[in-house]
Undergrad: 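Mind looking over this structure? Questions follow.
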Amino acid sequence: MPELPEVEVVRRGLAAHVSGRELRSVEVLHPRAIRRHLPGSTDFSGRLAGRRVDAVSRRGKYLWVSLDEGEALLAHLGMSGQLLVQAPGTPDEKHLRIRFSFADDGPELRFVDQRTFGGCMLDDLVEVDGTPVPALIAHIARDPMDPLFSLPSAVATLRGRRTEVKRALLDQSLVSGIGNIYADEALWRAKLHWARPTDRLSAARVAEVLSAATEVMVEALGAGGTSFDALYVNVNGQSGYFDRSLAVYGQEGLPCPRCGRPVRREPFMNRSSYSCPRCQPRPRVTSGPRTAVASGPRKPA
DNA sequence: CAACCGCCCTGGGTGC
DNA sequence: TGCACCCAGGGCGGTT
């Protein structure tokens with residue numbers, strides 16, 4: 001699944017292979033790929049033709065290329081999206097959704113997406129806290145690799161929520177870029193169970209898990225960068241070579257690299273959470289609905 | 001407003 | 001061999 005490090009690899013690839021080039025035509029092969037572009041595919045293609053691609057930016061898992069007139073082409077890879085740079089004439093990928101052709105007859109940019117959770121759209125740039133971002137993602141918080149990311153402020157935001165720590169880590173409006181894989185890895189590094197209530201964690205503990213998330217994503221970015229290929233802006237929608245370095249994610253039954261206990265898998269939000277039963281014990285108190293507080297008034301029987 | 005739930009979607013894998 | 005089913009899951013709209 002593309003999370004922040006994978007999307008950053010893609011961003012770098014786009015900056016290297018697409019920046020500065022002029023689009024000639026855009027072909028939408030699957031309408032779902034532009035479902036968030038409400039005016040539809042004719043409008044999408046029509047407005048992109050002839051435009052010059054400028055800088056490539058990223059916030060969390062969102063990626064965009066700036067165009068002129070304060071507009072941007074915004075993309076999200078979803079679960080299986082890829083942006084590939086391919087020579088024209090290369091046979092279409094099975095799940096090719098959008099083809100971007102350039103006026104210089106050079107390599108095409110292709111949006112390929114098996115599960116169609118990802119997509120592209122045109123959007124206006126707006127200024128949020130001094131940074132221009134596409135209007136549609138104005139609610140997405142800065143990610144830990146953003147130079148203006150503030151750890152103390154993110155800690156305060158997370159602790160202000162009454163929820164489980166993993167839910168908070170995955171909430172892109174609190175801190176962005178973290179998905180299921182890096183959330184599990186960060187929680188393992190910080191020795192926290194995913195169900196720990198954020199509002200009962202010390203600021204130091206929350207800072208620790210956020211720093212762990214940053215660390216593990218920086219390491220993954222290093223590993224993902226090594227799998228970079230001139231033609232492929234990104235690889236496979238997976239974590240590059242970093243999957244070899246995962247401590248718990250997807251490692252059910254394998255020994256915890258720290259203590260050797262078998263990694264457990266628990267259901268979490270209709271998906272899975274991986275953790276070490278010894279290093280990350282279940283919390284005594286969960287962040288469930290605030291039922292009768294121990295000291296509160298008691299209903300008569 | 002915060003928290004949470006259900007849905008979107010496809011194909012690879014598995015069990016019968 | 002084939003079919004039914006499960007699973008992966010980020011983001012968002014709707015509801016409480």
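Each chain gets a letter, A, B and so on, in the order the sequences are listed, and its residues count up from 1. Atom set for the values below is all heavy atoms of this structure, side chains included, hydrogens, waters and symmetry mates excluded.
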Undergrad: Determine the sole option in A:R271, A:K166, A:E185 for which the side chain to side chain donor-acceptor pair (under 3.5 Å) test with A:N180 is passed.
TA: A:K166
Undergrad: What integer distance in Å separates A:D171:CG from C:dG13:C1'?
TA: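 Distance, rounded to whole Å: 15 Å.
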Undergrad: Take atom CZ of A:R162 and atom P of C:dT16, then tell me their distance rounded to the nearest Å.
TA: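 About 23 Å, once rounded to whole Å.
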Undergrad: Could you tell me if A:R21 sits above the aromatic ring of A:F102, with its cationic atom closer than 6.0 Å to the ring centre and no more than 45 degrees from the axis?
TA: yes
Undergrad: Can you find a donor-acceptor pair, distance only, under 3.5 Å between A:R115 side chain and C:dA8 base?
TA: yes
Undergrad: Starting from C1' on C:dG11, measure out to CG on A:D143 and report it in whole angstrom.
TA: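 After rounding, the reported distance stands at 17 Å.
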Undergrad: Is there a side-chain contact between A:T163 and the phosphate of B:dC4, meaning an N or O under 4.0 Å from OP1 or OP2?
TA: yes
Undergrad: Measure from CZ on A:R167 to P on B:dA2 and round the result to the nearest Å.
TA: 16 Å
Undergrad: Let's go through A:K61 and A:E3 carefully: what are the C-alpha distance in whole Å and the side-chain angles of both, what is the deciding distance for salt bridge (charged side-chain N to carboxylate O under 4.0 Å, His left out) to 0.1 Å, and is it a yes or a no?
TA: CA-CA 6 Å; A:K61 304 170 196 169; A:E3 301 181 22; 5.6 Å; no
Undergrad: Taking OH from A:Y274 and C1' from C:dA8, how many angstroms apart are they, rounded to a whole number?
TA: 9 Å
Undergrad: Would one find a side-chain N or O of A:Q172 under 4.0 angstrom from OP1 or OP2 of C:dG11?
TA: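 Yes, A:Q172 has a side-chain N/O under 4.0 Å of OP1/OP2 on C:dG11.
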Undergrad: Please give, in whole Å, the distance from B:dC1 P to A:R161 CZ?
TA: 12 Å
Undergrad: What are the two closest non-hydrogen atoms of A:M145 and A:V218, and how far apart are they?
TA: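 Closest pair (atom of A:M145, atom of A:V218, distance): CE-N, 3.6 Å.
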Undergrad: Which one, B:dC8, C:dA8, C:dC12, comes nearest to the side chain of A:R32?
TA: B:dC8
Undergrad: May I ask you to evaluate whether A:S272 reaches the phosphate of C:dA8, defined as a side-chain N or O under 4.0 Å from OP1 or OP2?
TA: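 Indeed, a polar side-chain atom of A:S272 lies that close.
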Undergrad: Would you indicate which nucleotide in C:dG11, C:dC12, C:dA8 comes nearest to any side-chain atom of A:H139?
TA: C:dC12
Undergrad: OP1 or OP2 of C:dG10 less than 4.0 angstrom from a side-chain nitrogen or oxygen of A:H76, does that happen here?
TA: no
Undergrad: Ring of A:W194, cation from A:R282 - is the NZ or CZ under 6.0 Å from the centre and inside 45° of the axis?
TA: no
Undergrad: Closest to the A:R36 side chain: B:dC9, B:dG11, C:dC12?
TA: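 The closest nucleotide is C:dC12.
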Undergrad: With sugar-phosphate meaning primed atoms plus P, OP1 and OP2, does A:Y62 contact a base, only sugar-phosphate, or nothing at under 4.0 Å between heavy atoms?
TA: sugar-phosphate
Undergrad: Do A:Y62 and A:M217 share a hydrophobic cluster (ILVMFWY, side-chain heavy atoms under 4.5 Å, transitive)?
TA: no
Undergrad: Of the listed nucleotides (B:dC9, C:dA8, B:dA2), which one gets closest to any side-chain atom of A:F117?
TA: B:dC9
Undergrad: At under 4.0 Å between heavy atoms, what does A:R35 touch on the DNA or RNA strands: base, sugar-phosphate, or nothing?
TA: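 Touches nothing.
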Undergrad: With nearest nucleotide decided by heavy atoms, which residue, A:Q114 or A:L136, maps closer to the 5′ end of DNA chain C?
TA: A:Q114
Undergrad: Which residue lies toward the 5' end of DNA chain B, A:N270 or A:R97, if each is placed at its nearest nucleotide?
TA: A:N270
Undergrad: Let me know, please, whether A:R265 or A:I140 comes out on the 5' side of the other along DNA chain C by nearest nucleotide.
TA: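 Checking each residue's closest nucleotide, the 5'-ward one belongs to A:R265.
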Undergrad: With a 4.0 Å cutoff (strictly under), does any side-chain N or O of A:R271 reach OP1 or OP2 of C:dC7?
TA: no
Undergrad: When you match A:G160 and A:H95 each to their closest nucleotide on DNA chain B, which lands nearer the 5' end?
TA: A:G160
Undergrad: Please report, rounded to the nearest Å, how far the P atom of B:dT10 is from the CD atom of A:Q82.
TA: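 Result: 17 Å.
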Undergrad: Write down the distance between CE (A:M79) and P (C:dC12), rounded to a whole number of angstrom.
TA: 16 Å
